[in-house]
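The shown structure was predicted, so the numbers you read here are calculated from the model rather than taken from an experiment.
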Amino acid sequence: MIPEIRPLRPDDLQELSRFLIEGFHAPSDAAFAAPDVLGWKSLEPIHDGDEIPRSFIASEEGRIVGHVGLCPTAFEGLSLPPGGITTLHMVDWLGSRVHRALGSALMRHAHQKAKTQYVLVANERARRVTGGAGYTPTAEVTVFQKVLRIGYRWRVPGLGPGARLLRVGRDAARKVLNPGRSPQIAVELRQVREFGPEVGPILDDWQARAILTSRSPERLNHALHYPRPGMSGWLILVGEQPQGFALLNVVAQGTVRTGKLVECLVQGDDSALQHAATTALTEELRRQGADLAIGFASTPWTTEALRLSGFTPAHRLEFTLRDRERLIPPGIPIHLSPFEADYAYSS
């Protein structure tokens with residue numbers, strides 16, 4: 001018999017934290033499973049009056065034996081109807097080994113909450129699970145990186161002196177051979193505590209050229225409420241006019257501080273502006289103490305901007321879509337970034 005599946009409640013947070021840390025064999029202080037972070041991503045409203053559950057637990061005799069978190073949003077943009085197409089990405093999905101059918105039951109429960117579902121797949125095991133559930137490979141996301149502080153390799157545990165020296169030398173060579181080009185446009189970054197209507201024209205422009213998940217001010221501001229230090233919001237100005245916006249985060253991954261280009265959208269299809277914004281944001285990550293910068297690219301213009309800014313490909317993720325009614329038209333560029341799901345803050 002499958003345990004009861006119900007929405008997460010505030011008094012479940014401590015028990016859920018324990019269940020996720022034990023189930024994923026994570027460190028006891030893992031941020032993704034901390035009660036304050038779980039409360040933020042599962043219970044804090046995104047919109048006024050937002051009452052849609054974003055986390056479901058399976059319980060048996062008062063103990064949590066399964067969980068699935070939802071990141072509900074909507075695909076918006078080119079060739080899609082006003083209001084977009086509802087979608088979601090599952091996170092922190094875990095079932096007890098004692099209940100072998102529980103993981104599938106939680107996934108089916110999640111699928112009922114949106115017309116489409118998507119995941120960014122990183123390994124073969126995940127491909128088998130999502131493929132069996134009707135997810136289809138749709139696009140590729142290249143994860144780019146740029147070393148900002150070569151010396152960080154000396155702090156990475158588990159490497160001998162020779163291995164560390166080899167990696168430092170490789171990073172130094174990449175930095176010399178691929179320093180990035182100087183931007184042709186001058187931009188200014190202005191930090192903001194919250195986003196407002198100024199992002200509207202930028203989003204309208206992108207939605208006329210591509211498909212992307214919702215970047216409404218409410219969703220951007222929810223990201224800024226992340227309860228750990230490191231997340232910041234920025235307007236990208238040319239002169240005094242906002243021509244783009246961005247989210248950055250600096251995440252501690254062991255001894256390494258990873259700077260994430262969570263989002264960077266600029267108005268218009270001028271690749272020089274995208275390049276200038278990417279370069280300025282990368283320098284801001286360096287100023288904040290990041291050792292390594294990470295950015296995602298799923299469109300040609302984002303790929304070009306990262307390459308021009310001195311980033312190199314690190315690995316790839318597979319964007320897989322479950323779209324039983326074929327609501328998302330094929331052949332249209334889909335913009336994906338660490339803003340999807342928990343990539344903005346996960347280590």
Side-chain angles (χ1 to χ4, degrees), residues 1-46 50-73 86-137 227 317-325 340-347:
M1 183 175 179
I2 295 176
E4 175 196 9
I5 296 175
R6 62 169 175 81
L8 180 75
R9 298 190 299 248
D11 58 357
D12 296 318
L13 291 174
Q14 290 290 344
E15 172 68 8
L16 177 58
S17 176
R18 179 204 60 79
F19 174 74
L20 293 176
I21 286 172
E22 291 182 0
F24 287 120
H25 307 289
S28 60
D29 61 349
F32 85 94
D36 60 333
V37 173
L38 291 171
W40 164 76
K41 61 183 173 181
S42 298
L43 301 175
E44 182 179 306
I46 296 176
D50 184 5
E51 298 179 355
I52 299 174
R54 301 201 303 275
S55 179
F56 293 87
I57 63 168
S59 63
E60 184 178 66
E61 298 180 353
R63 288 182 63 83
I64 295 175
V65 294
H67 173 262
V68 63
L70 311 183
C71 296
T73 182
T86 59
T87 193
L88 60 82
H89 191 299
M90 296 183 299
V91 296
D92 302 336
W93 177 32
L94 180 63
S96 167
R97 292 183 178 180
V98 176
H99 302 86
R100 294 187 177 275
L102 185 53
S104 296
L106 286 165
M107 180 169 60
R108 289 194 299 271
H109 193 83
H111 286 168
Q112 298 172 14
K113 309 302 178 182
K115 291 183 177 180
T116 66
Q117 302 81 32
Y118 73 104
V119 294
L120 295 178
V121 176
N123 56 60
E124 187 58 37
R125 180 176 179 274
R127 288 186 183 91
R128 290 197 300 270
V129 173
T130 56
Y135 289 77
T136 303
L317 299 172
E318 194 173 73
F319 169 67
T320 63
L321 177 67
R322 185 175 184 271
D323 181 12
R324 294 297 181 89
E325 299 179 40
E340 317 302 332
D342 57 355
Y343 286 91
Y345 51 87
S346 60
S347 58

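One finds the OG1 atom of T116 at 9.5 Å from the CD atom of E325 (value rounded to the nearest 0.5 Å). Interatomic distance, CG of D92 versus CG of L20, reported as 5.5 Å (0.5 Å rounding). Rounding to the nearest 0.5 angstrom, the gap separating the CH2 atom in W93 from the CZ atom in F56 is 15.0 Å.
E4 meets the side-chain contact (heavy atoms from CB on, under 4.5 Å) test with R6, S59; sequence neighbours excluded. Every residue two or more places apart in sequence or in another chain that forms a side-chain contact (heavy atoms from CB on, under 4.5 Å) with P27 is listed here: D29, A30. Residues forming a salt bridge (Lys or Arg N to Asp or Glu O under 4.0 Å) with E44 (at least two apart in sequence, or on another chain): none. Taking the side-chain contact (heavy atoms from CB on, under 4.5 Å) definition, one finds that S42 meets it with L8, S55, sequence neighbours left out. Here D323 pairs with nothing under the salt bridge (Lys or Arg N to Asp or Glu O under 4.0 Å) rule; sequence neighbours left out.
Between D342 and F32 the shortest side-chain heavy-atom distance does not fall below 4.5 Å. At a threshold of 4.5 Å between non-hydrogen side-chain atoms, the residues E60 and H99 count as touching. No side-chain heavy atom of V68 sits under 4.5 Å from any side-chain heavy atom of H109. Taking 4.5 Å as the limit, some side-chain heavy atom of L88 sits within range of a side-chain heavy atom of M90. L43 is listed as a side-chain neighbour of L13, based on a closest heavy-atom distance under 4.5 Å. A heavy-atom distance below 4.5 Å is found between the side chains of V119 and H89. Taking 4.5 Å as the limit, some side-chain heavy atom of T87 sits within range of a side-chain heavy atom of T73.
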Using the side chain to side chain contact (heavy atoms under 4.5 Å, CB included) rule, take R63 and E15 through it: C-alpha gap first, then chi angles, then the decisive distance, then the call. CA-CA 8 Å; R63 288 182 63 83; E15 172 68 8; 4.1 Å; yes

Run the side chain to side chain contact (heavy atoms under 4.5 Å, CB included) check on Y118 and E340 step by step: do they pass? CA-CA 10 Å; Y118 73 104; E340 317 302 332; 2.8 Å; yes

Please assess V65 against V98 for the test side chain to side chain contact (heavy atoms under 4.5 Å, CB included), listing each intermediate value before the final yes or no. CA-CA 9 Å; V65 294; V98 176; over 6 Å; no

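When atom types are taken as modelled, the side chain of R54 and the backbone of P72 share no donor-acceptor pair closer than 3.5 angstrom.
Residues in residues 2-22 take part in no ring-ring contact (aromatic ring centres under 6.0 Å, His included) pair, two or more places apart or across chains.
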